[in-house]
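Contents: one structure, followed by commentary.
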Amino acid sequence: MSKHDDDKPKAPAGPPSPERRSFFTTAANLAMAGGLVASYGTLAGMAGRFLYPSKNRDRAWMYVADLVSLKVGDSLPFKLPDGSAIVVARQGERGDVSDFVALSSVCPHLGCHVHWEANNNRFFCPCHNGAFDPSGRATEGPPAAAGQSLGRYPLRVDRGLLFIEVPLDDSPDTSAG
Ligand code: FES
């Protein structure tokens, strides 16, 4: 056999047998059906999560401060693990969790920094004179006109320590209250 024998065109193999053609047709149909089932299953799962969101979002409690370290009228800037800026303010001296509030310190109008004004009993945004009551509800300025409130975070007191509950997968509750 010469070295040029491999270069010669080979004779056509002929049409596949009916059994072999049937096998490939069945395999292709099964693969296509599997792809369709996977696609529609994924779509149905996403639609289900949209229509019926989980009530059990991942949340965690984070230490904030000793109660005694925050006097009435004090506020404490605080950063969450995701980088969100919040402010924790002490508004009473009962010594329980009702003394405290934790709100997003990002103004919902255009994102300026909001701070607690103890003497005016309000959170204030200096950019456009936006004001919020002690619960974070907008009372003056553009945020009040637009009905925008500061996002609020739950707090807990345990053995003289203040903790904040933070969502691990979503933003804070921005409804008033
Ligand atoms: S950014 Fe706060 S009032 Fe405009």
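Each ligand, and each atom within it, is numbered from 1 in the order the structure gives. Just the heavy atoms: all of them, side chains too, but no hydrogens, waters or symmetry mates, feed the values below. Predicted model, so just to flag it, every value in this text is computed and none were measured.
Around atom 2 (Fe) of ligand 1, the protein contributes the following N, O or S atoms at distances under 2.8 Å: Cys107 SG, Cys125 SG.
Ile164 places a side-chain heavy atom less than 4.5 Å from the side chain of Ile86. Residues Val64 and Phe100 fail the side-chain proximity criterion, which asks for heavy atoms closer than 4.5 Å. With contacts defined as side-chain heavy-atom distances shorter than 4.5 Å, the pair Leu76/Val87 does not qualify.
Each of Val106 and Tyr153 belongs to its own hydrophobic cluster when Ile, Leu, Val, Met, Phe, Trp and Tyr are linked at side-chain heavy-atom distances under 4.5 angstrom.
Thr139 and Ala144 get closest at one heavy-atom pair: C-CB, 3.5 Å.
In this model, Cys127 has its SG atom no nearer than 2.5 Å to the SG atom of Cys107.
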